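First comes the structure, then the notes that go with it.
Just so you know, ligand 1 is whichever comes first in the structure, and atom 1 is the first atom listed for that ligand. Atoms considered below: every heavy atom in the structure, side chains included; atoms not considered: hydrogens, waters and symmetry mates. Everything quoted here is computed from the prediction, not taken from an experiment.
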Amino acid sequence: MSKTANISINGQSYDLPLVEGSEQEQAIDISKFRGQSGVITIDPGFKNTGSTQSAITFLDGEKGILRYRGYPIEQLAEKSSFLEVSYLLIYGELPSSSELESFASEITTHTMVNEDIRKILDGFPSSAHPMGVLSSLVTAQTAFYPASLDPNRSPDEINIGIIRLLAKMPTFAAWAFKKQKGHPLIYPNNQLDYCSNFLNMMFGLPATQYEADPAVTSALDQLLILHADHEQNCSTSTVRIVGSSQASLYASISAGINALWGPLHGGANQAVIEMLENIKADGGDTKKWMAKAKDKDDPFRLMGFGHRVYKNFDPRARIIKKAADDVLEKLGVVDPILDIAKGLEEEALSDQYFVDRKLYPNVDFYSGIIYRALGIPTDMFTVMFALGRLPGWIAQWKEMRENGEPIGRPRQVYVGETDRNYIDISSR
Ligand code: CMC
């Protein structure tokens with residue numbers, strides 16, 4: 001028998017269907033509730049609202065569980081590769097070796113971008129933040145592939161758009177960095193794997209290929225895996241809601257990049273390093289900064305701490321903290337801000353304010369320290385997050401379109417002025 005929930009409003013009772021997920025999560029389906037009762041539900045920030053039923057990523061914030069398509073993040077981070085995880089997220093299953101080979105080869109052969117992209121890039125001042133450049137270049141793809149605007153494209157046509165985006169994103173990201181530096185652009189090298197190619201476009205010179213340390217490529221690959229999807233977060237919800245209007249894949253992903261940029265979301269990785277640098281420059285007194293974070297009259301927040309969903313620990317942060325130690329040791333890098341970060345974490349974990357509010361380090365707390373050790377500049381950190389999140393955004397966009405989900409359009413409770421007559425300007 002199907003389960004129901006019962007809601008009573010002013011003595012009138014309504015039965016509503018309960019939806020149950022494969023991990024026994026339960027939700028009240030209120031989609032027809034307004035029609036029955038004239039009442040809507042309100043939940044600013046969607047703190048308790050499910051926007052979809054998705055088969056891509058499962059996370060349990062209380063237990064600190066994160067799985068892509070059922071596979072635990074710990075196993076994927078240890079054993080898989082970013083391209084394999086991308087395939088898993090987008091197509092639903094782990095690839096066979098021949099499927100992975102042809103996926104990787106397809107991506108490798110689409111890394112080149114139209115030369116006119118250089119003209120668009122030229123139009124940006126060198127002060128442009130690489131996230132703004134990245135989102136612009138991604139949406140500019142609609143100009144080079146106008147057929148992508150057609151909402152009735154066949155699955156094969158959609159798929160080639162997906163491959164192009166996965167392939168060109170590292171080129172856009174690295175070129176955004178080169179533009180900022182005023183250095184010559186490095187073209188993709190199809191002999192290199194995904195991460196090595198990206199690092200070469202970032203750090204190579206026109207005549208000298210960048211020889212990436214295997215410790216660097218594997219750390220980067222792991223970071224990308226850890227960021228690859230995170231169910232209905234701010235940027236992913238943005239991708240789905242933009243895509244629900246049947247806007248193109250490129251327009252939807254570009255919107256997701258912009259949503260990710262903010263310091264409360266992906267922009268936190270840049271904000272964490274800036275915060276740690278400030279604390280160091282200020283003499284390294286972590287207690288003083290902890291007090292600022294707890295002071296409600298002070299806008300300062302401990303960046304890289306807290307999460308809407310994780311209320312015990314963020315499993316990605318655990319893996320990244322260990323990776324930060326390993327990578328710095330392998331590369332022989334000594335970074336004093338790692339000690340400041342660890343000191344802050346230790347204090348926060350035993351501080352009543354943070355304990356009461358269940359605030360723990362999130363994925364962004366230690367990731368910036370690894371990016372720094374890899375030589376990636378601070379304002380590229382959120383671009384790195386975007387590079388990692390891309391397959392997740394694509395998978396979520398594809399799922400939403402394949403499920404034929406309706407256009408996203410929340411309601412509101414109006415609290416403004418009621419009906420009143422226009423007053424002529426001379427009488428105001
Ligand atoms: N430092 C100090 N206090 C905090 C922090 C923090 N980092 N995070 C939350 N709080 C307090 C907040 O002031 C509130 O206290 P009170 O109940 O007394 O009003 C309580 O904890 C709950 O916070 P909230 O803002 O209502 O929680 P939220 O779920 O709306 O926000 C968050 C989640 C991640 C935006 C928030 O924790 C935050 O701003 N963290 C810092 C930014 C950050 O690290 N963002 C990266 C998130 S992980 C990467 C990703 O986006 O996927």
Side-chain angles (χ1 to χ4, degrees), residues 43-49 56-57 59 61-62 64 66 68 73 131 223-240 255-276 278-279 286-321 340-341 344-371 378 381-393 396:
D43 180 19
F46 312 116
K47 292 195 173 196
N48 195 39
T49 295
I56 301 170
T57 288
L59 82 81
E62 272 70 37
L66 173 62
Y68 299 160
I73 190 66
M131 281 296 276
L223 278 172
L224 296 180
I225 293 173
L226 292 171
H227 285 89
D229 195 47
H230 212 235
E231 51 117 296
Q232 308 311 317
N233 55 81
C234 174
S235 57
T236 302
S237 302
T238 300
V239 168
R240 285 184 88 122
I257 293 170
N258 287 320
L260 185 74
W261 195 353
L264 296 189
H265 191 11
N269 56 14
Q270 174 173 344
V272 168
I273 293 294
E274 288 165 354
M275 172 188 80
L276 295 172
N278 281 341
I279 297 176
T286 47
K287 290 205 164 41
K288 173 179 160 188
W289 291 81
M290 288 286 290
K292 274 168 76 61
K294 294 189 283 183
D295 180 355
K296 292 288 172 202
D297 296 325
D298 189 326
F300 174 74
R301 277 192 167 199
L302 202 54
M303 299 312 286
F305 259 76
H307 199 275
R308 171 62 62 78
V309 187
Y310 292 120
K311 298 299 172 197
N312 192 350
F313 67 94
D314 179 339
R316 304 166 302 172
R318 282 199 169 171
I319 300 170
I320 289 183
K321 184 181 178 186
I340 296 181
L344 273 176
E345 180 186 353
E346 212 175 294
E347 279 180 46
L349 292 183
S350 57
D351 187 291
Q352 210 51 45
Y353 173 97
F354 285 85
V355 172
D356 286 349
R357 290 167 182 76
K358 299 182 188 301
L359 302 171
Y360 299 90
N362 59 49
V363 69
D364 288 326
F365 195 61
Y366 287 104
S367 64
I369 293 175
I370 306 185
Y371 290 137
T378 313
F381 289 0
T382 316
V383 169
M384 303 308 297
F385 193 151
L387 208 53
R389 185 54 56 87
L390 181 63
W393 286 333
Q396 301 270 354

Hey, is ligand 1 close enough to [X] that some N/O pair sits below 3.5 Å?
X    : result
N362 : yes
F385 : no
D364 : no
R389 : no
H265 : yes

Next on the checklist: Can you tell me if D43 has over 12 outside heavy atoms packed within less than 6.0 Å of its CG?
Outcome noted: yes

Checklist entry - Looking only at protein heavy atoms, which one is nearest to atom 10 (N) of ligand 1, and how far off is it? => result L359 CD1, 3.6 Å

Checklist outcome for this item: Among K292, R308, R301, M275, the residue with a heavy atom nearest to atom 39 (O) of ligand 1 is R301

Checklist entry - For ligand 1, does Y353 get within less than 4.0 Å through its side chain, its backbone, both, or neither, judged by non-hydrogen atoms? => result side chain

Next on the checklist: With ring pair (Phe, Tyr, Trp, His ring centres under 6.0 Å) as the criterion, how do Y360 and F305 come out once you've worked through the C-alpha distance, each side chain's angles and the decisive distance to 0.1 Å?
Outcome noted: CA-CA 5 Å; Y360 299 90; F305 259 76; 8.0 Å; no

Item to check | side chain to side chain donor-acceptor pair (under 3.5 Å), paired with Q396, selected from H230, E231, R240 | outcome: R240

Checklist entry - Short check: is a protein heavy atom less than 4.0 Å from atom 31 (O) of ligand 1? => result no

Checklist entry - Counting from 1, what ligand 1 atoms have a heavy atom of G304 closer than 4.0 Å? => result 43 (C), 44 (O)

Checklist entry - Where is the tightest heavy-atom contact between R301 and M275, given as atom of each residue plus distance? => result O-SD, 4.2 Å

